[in-house]
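Written below as structure tokens is the structure these notes are about.
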Amino acid sequence: MKVQVNAKNRGHQFEAQEAVPVLFSGLAHGVDLPYECGSGTCGTCKAKLVKGELLDAWPQAPGRKYLKHPDEFLMCQCSPKTDLVVEVGTFVHPTDPAVCGPGQASGRISHVKMLTHDVMLLDVDLDRPLPFDAGQYALIQVPGIPGFRGWSMVNFDAQPKQWRFVVKKKPQGAVSEWLFDDKSPVNGSKVDIFGPLGHATFHPSVARNLLCIAGGSGIAGMVSIISRAVQASYFNEFDGDVFFGVRSMRDAFFLEEFSVLKRTAGSRLRVTMAFSDEDVSADFTQAHPDIQFDRGFVHEVAKRHMQGRFDNVRAYIAGPPPAVDQSIRFLLLEARVPADQIKYDKFS
Ligand code: FES
């Protein structure tokens, strides 16, 4: 089926398949349609149906609250039943050829490991190598539960056959209940993937000091970015500062991974963990000599430690939306980091 998208600046045409969301078909054909979550919550992908018929996979999607007119729909949830003409109220350009573009793939969960009481590391073996840029994420659909969930890749390889994710348990979440229930047959399960996605990517040609601010499972994409930078010996020339916020010591993870990255990178990479709810103990500090610790919300800790060091910075932010919003605010208004050097994807 043919889809014609009329954007503010120009029109785009692409082929779309039945039962595949309009957003996925457009992105897979190199049309950078607007999106953030890709999973029906943010409303960013809203469009107006001018001609044709759609199938809505999730009429109760929370992102529908952003629709103001009966002809509007979410491109990440609706697929074509006929040829379509749609209107998008933003500028739409071809996707940046320098960034890895998405496609559909399938894979199998090959390994899971608990990192804390409510955070899991999950490996998916893909049916074919699929490259991604450091900092990108993917949409995953698990068996028997409709809808895709967005998770960031932790690892970085040039031609990865395995994508590694960090997943946080969500109260009453159907996917969480399946993944975190000891009796679920998670290992070996087939999953559907659409990715890689996201605009908050890192390539060594950025050539600026790196500042990464992440809360909770948002740290996943930062590990990928720092791994990519360490592989390129980036910290021989530039500084790197990672601020990783969690509530307490029992919520901390990736300490060993960051210690190894820090020892490999040398003194120009600094990693600081921020605990919002408790002071770090002396034992904990001694057990992790490569990591610095501080008390407070992650954006406050970042602000204190980065005082006077915001020149020539490229900032990456991830985590719960309030933490992301606070970090963006202080970077823009107080630290005066240019808006085009603050990168984030709100997809969780
Ligand atoms: Fe479609 Fe977020 S609701 S991209």
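Since the model is a prediction, treat every value here as computed from it, not as a measurement. Whatever order the structure lists them in is the order used to number ligands and atoms, beginning at 1.
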Checklist entry - Are Ile225 and Leu269 connected in a single hydrophobic cluster, I mean Ile/Leu/Val/Met/Phe/Trp/Tyr linked by side-chain heavy atoms less than 4.5 Å apart? => result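 Yes, one cluster joins them.
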Next on the checklist: Here's one to test your reading of the geometry: is the NZ or CZ of Lys46 within 45 degrees of the ring axis of Tyr66 and under 6.0 Å from its centre?
Outcome noted: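 Lys46 over Tyr66 ring: no.
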Item to check | Residues that His203 engages under ring-ring contact (aromatic ring centres under 6.0 Å, His included), provided they are two or more places apart | outcome: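 His203 satisfies ring-ring contact (aromatic ring centres under 6.0 Å, His included) with no other residue.
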Next on the checklist: Before we go on, tell me: are the rings of Phe24 and Phe148 under 6.0 Å apart, centre to centre?
Outcome noted: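 They qualify: ring centres under 6.0 Å apart.
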Item to check | Polar side-chain atom of Trp163 near backbone of Leu130 as donor-acceptor pair, under 3.5 Å | outcome: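 Yes, the answer is positive, given that a donor and an acceptor are paired below the 3.5 Å cut-off.
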Checklist entry - Short question: side chain of Arg149, backbone of Gly147 - any donor-acceptor pair under 3.5 Å? => result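 Yes; judged by distance alone, with no hydrogens or angles, the pair exists.
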Item to check | Neighbouring protein N, O or S atoms of atom 1 (Fe) of ligand 1, below 2.8 Å | outcome: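 For atom 1 (Fe) of ligand 1, protein nitrogen, oxygen or sulfur atoms under 2.8 Å: 2.
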